[in-house]
Student: 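Structure below; questions to follow.
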Amino acid sequence: MDNFATDIKKYLEKIFGNTIDEASERQIYQALMVITRDRLAEKRFESNKKLKESQQKRVYYMSMEFLVGKTLRNNLYNLGYEDEIKHFLAKHGFSLERIYNIEPDPGLGNGGLGRLASCYMDALTSNDYPIMGFSILYEFGIFKQVISDGWQQEYPDNWLDLGRYGLLYRNDEEIEVKFYGNTKEEWSSEGLHIRYEDYTAIKAEPYDLFISGYDSDTVNVLRLWKSKATGGFNMKLFEKGEYSKSLESEAIAESISKLLYPADDNDNGKALRIKQQYFFTSASLQQIVKNHYDTYMTLDNFAEKVVIHINDTHPSMCIPELMRILMDEYEYSWDKAWSITTKTFAYTNHTIMAEALEKWSVDLFQPILPRIYTIIREINNRFCKWCNDIGAAGELDEMSIIHNNVIRMANLCIVSSYSVNGVSMLHTEILKKDTFKSFNRIYPGKFINVTNGIAHRRWLGQANPELTRYLNKLLGVDFIKDLSSIDKLLEYQDDKAVLEDLENIKNIKKLQLAEYIKSSTAIKVDTNSIFDVQIKRLHEYKRQLLNALHIIYLYRMIKFNGLKPYPRTFIFSAKASSGYVMAKNIIKLICSISEIIEADPIVREYIKVVFLEDYRVSLAEKIIPAANVSEQISQAGKEASGTGNMKLMLNGAVTLGTMDGANVEIHNAVGQDNIFIFGLSSEEVEELFKNDYRAIDYYNNNQDIKETIDFMRTLDNGHTNFNYIADYLVSTDPYMCLADFESYKNTQKIVEDTYQDKGKWNKMSLVNIAKSGIFSADRATKEYVEKIWKIEKIK
Ligand code: GPQ
């Protein structure tokens, strides 16, 4: 750790005029953040030097979201400084754990998609691959959720207050991005020039977050763009005496990077969102192209040296933007520019849900980005013509990029990228056979699968040091370096002592979580109870409602039918998009059930419901290691992959799930006997949907469903009732909770019975840990490297 301790002392003296013994925790925090950042900057210089020399191909990862999670622990862990700093601080009376708590979660994402991007940055850096991430420096990340009387309330997340110390402002690399205006075609002796007129320019300021790797020399960068008015306020307006108007234009410019849209898996088609997308893709592309040109003095070899990965369609304006830069700024012909572009982009699709597939109305889009629009239109014209030529004109209703006056961004991505991938086996199959069937026919081989993976160093190494230490000693293999070696644990599946040790560690983590639950909700939970966990964004398709319905069923059975189940604690945590009424009602329902149970001296002996507010990366790190049961109960065919399922499995939770997303791969890995699968398959869901699913029939024909829903209607305290949800369940629910209820209920009973056979349960848990190797982000990113990007490690 050389002179890290000295650096801390010096920083405190220089910045605060304090010795370490006079310092506050807040000051220590700032010192650690800044020194760590500067260490990484130095390390970055070295690895970047090698990268420049080797002139190798690089990946640029474009994503509207990076759910980074707290950085300080991760960086100290990766740099190998953690223990020494802990001791050094302890000598001066500070707890490193408390310092870690000061750091806000950089919540620059909504959920799975954003967290995946960060897991991949971490894994690629640990494996010495050259990658640079690009996104937006949202002043306000995902809102802070407060539950008040059972209702979600949203508060701004002013994370930069304390979070900014990890960022490095690169004022030398500012870029201008242009909106609105017109373009004029001008012919001269040298050919056609496009001149931009009457546009509004906005400045993009780069802020770099360094990404460290575990046991690696590489440091990569996540570049976050912040929007600024060009040149302060508008002097012309100012001179005209329109002072407030001039400030207004500044405020408009700065609003672009103000906040993260809190809608997950949902496209809400707002003008500001178009501006955000173009703002960060244009700034990033301009910079990438400039760097390339400065290095090679040509762009002819662009696609040989650059891969641009598009994380879902949100950054898809990269595509027309590259075309624009090549043609308008470097005077490439359409054909040459197109040939470079179509060798540069790779696209990952993360959803098949219609409401999440981005579509922009031409009327909204065209005035904001006139030049980008004409390029998209031309891409589409040429694509449609080509389809005519190859006899695919009949499928243009499905495939054309612009259709009924809307631009379908997924179609743009598929047409323009050399690779399209889904994120689990089932998801990719559905893309190929259903959602993008015609594309798959005309572009054979373009669609491939890369099943998602997770950063096990964070989700096991850092979140569960107790289990990590134990496995390290037991197995004697470095599974933190290479998770596939964790399968050595299988040798102990019948070792009673090991199984008991694992149970004891789980109990330690349950105890820690129980303390957190008590402090944040005042609910006392029994750590001998089954910790049954459903943590993810709140969405109808993820079916928190099915879980809640089953809890209401249990409540009734305990209260009125003398049922005495094995004690269970149902733990929920989830944010709902602020405009999503049903999701907010479901949160209210869960919180109400929790309250009703707490007030019932009989029922609360058996079941408890806890809703933990403000779900975020750092809270997930507390919950996941303590889970016994992992609820992955989305309607089959709807969850593209899921990644929480992998994190929970890695920590020894057993999955209770549908055959959906990566649950299928988990099922294949652990085998039938080590997972609880229930419900309709995705084909059965399709079938039932086509044959007109009638929820009311399930209500009429199933006594338990009928009684549970009738009972739900009696949960009326004068202020709130749940008739709205009950009505939905028996009529319009497209996710068919009632169709899977019976199967879910029966499987829950099996879960309960199995848990009581401790030997059997512990073995299941062990097998889950042992088989989690393939879900490492190291494996997933290696597949991206080999199948899609074709890049090499930094030499
Ligand atoms: N996902 Cl399209 C998001 O979190 N946000 C999105 O906008 C879209 C997808 C998720 C998806 O729902 C999960 O099934 C995946 O595991 C995750 O992306 C990462 O692929």
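Just so you know, ligand 1 is whichever comes first in the structure, and atom 1 is the first atom listed for that ligand.
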Student: Which atoms of ligand 1 have any heavy atom of Gly642 under 4.0 Å away?
Tutor: 13 (C), 14 (O), 15 (C), 16 (O)
Student: Using a 4.0 Å cut-off to any heavy atom of Asp312, which atoms of ligand 1 qualify?
Tutor: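 In order of numbering, the contacting atoms are 2 (Cl).
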Student: Suppose we call two aromatic rings close when their centres sit under 6.0 Å apart. Are Tyr784 and His309 close by that rule?
Tutor: yes
Student: Return the residue, atom name and 0.1 Å-rounded distance of the protein heavy atom closest to atom 8 (C) of ligand 1.
Tutor: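 Atom 8 (C) of ligand 1 sits closest to the protein heavy atom Asp265 OD1, 2.7 Å.
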Student: Angle class for the Phe134/Tyr60 ring planes (parallel below 30°, perpendicular above 60°, tilted otherwise)?
Tutor: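 Because their plane-to-plane angle lies in the 30° to 60° range, the rings of Phe134 and Tyr60 count as tilted.
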Student: Where does the angle between the aromatic ring planes of Phe439 and Tyr443 fall among parallel (under 30°), tilted (30 to 60°) and perpendicular (over 60°)?
Tutor: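 Because their plane-to-plane angle is under 30°, the rings of Phe439 and Tyr443 count as parallel.
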Student: Could you tell me which atoms of ligand 1, counted from 1 in the order shown, lie closer than 4.0 angstrom to a heavy atom of Tyr541?
Tutor: 12 (O)
Student: Can you classify the ring geometry of Phe741 versus His550 as parallel (below 30°), tilted (30 to 60°) or perpendicular (above 60°)?
Tutor: tilted
Student: Could an N or O of ligand 1 be found under 3.5 Å from any N or O of Leu116, whether backbone or side chain?
Tutor: no
Student: Write out the residue and atom name of the closest protein heavy atom to atom 13 (C) of ligand 1, then the distance separating them to 0.1 Å.
Tutor: Glu639 OE1, 3.3 Å
Student: Any nitrogen or oxygen of Asp264, main chain or side chain, under 3.5 Å from a nitrogen or oxygen of ligand 1?
Tutor: yes
Student: If you look at every heavy atom in Leu483 and Ser772, which pair is closest and at what distance?
Tutor: CD2-O, 3.6 Å
Student: What atoms of ligand 1 come within less than 4.0 Å of a heavy atom belonging to Thr351?
Tutor: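 Those qualifying, in numeric order: 2 (Cl).
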Student: Considering only heavy atoms of Ala640, which atoms of ligand 1 have at least one such atom less than 4.0 Å away?
Tutor: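 Listed by number with element, the hits are 14 (O).
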Student: Which is it for Asn452 and ligand 1 at heavy atoms under 4.0 Å: side chain, backbone, both or neither?
Tutor: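 It is the side chain that touches ligand 1; the backbone stays farther off.
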Student: In the protein, what heavy atom is nearest to atom 20 (O) of ligand 1, and what distance, to one decimal place, separates them?
Tutor: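 Going by distance alone, atom 20 (O) of ligand 1 is nearest to His350 ND1, 2.6 Å.
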Student: Heavy-atom contacts under 4.0 Å between Ala356 and ligand 1: side chain, backbone, both, or neither?
Tutor: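 Ala356 to ligand 1: no contact under 4.0 Å from either part.
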Student: Pair Lys790, Glu786 - check salt bridge (charged side-chain N to carboxylate O under 4.0 Å, His left out), show working.
Tutor: CA-CA 5 Å; Lys790 322 269 187 210; Glu786 288 170 0; over 6 Å; no
Student: Given the ring of Phe143, does Lys575 sit roughly above its face, with NZ or CZ under 6.0 Å from the centre of the six-membered ring and within 45° of the axis?
Tutor: yes
Student: With the threshold set at 4.0 Å, does a side-chain nitrogen-carboxylate oxygen contact exist between Asp733 and Arg543?
Tutor: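 The answer is no: the pair does not qualify as a salt bridge.
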Student: Please report which non-hydrogen protein atom sits nearest to atom 4 (O) of ligand 1, along with the residue it belongs to and the distance in Å to one decimal place.
Tutor: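 Heavy-atom neighbour on the protein nearest atom 4 (O) of ligand 1: Leu113 N, 2.9 Å.
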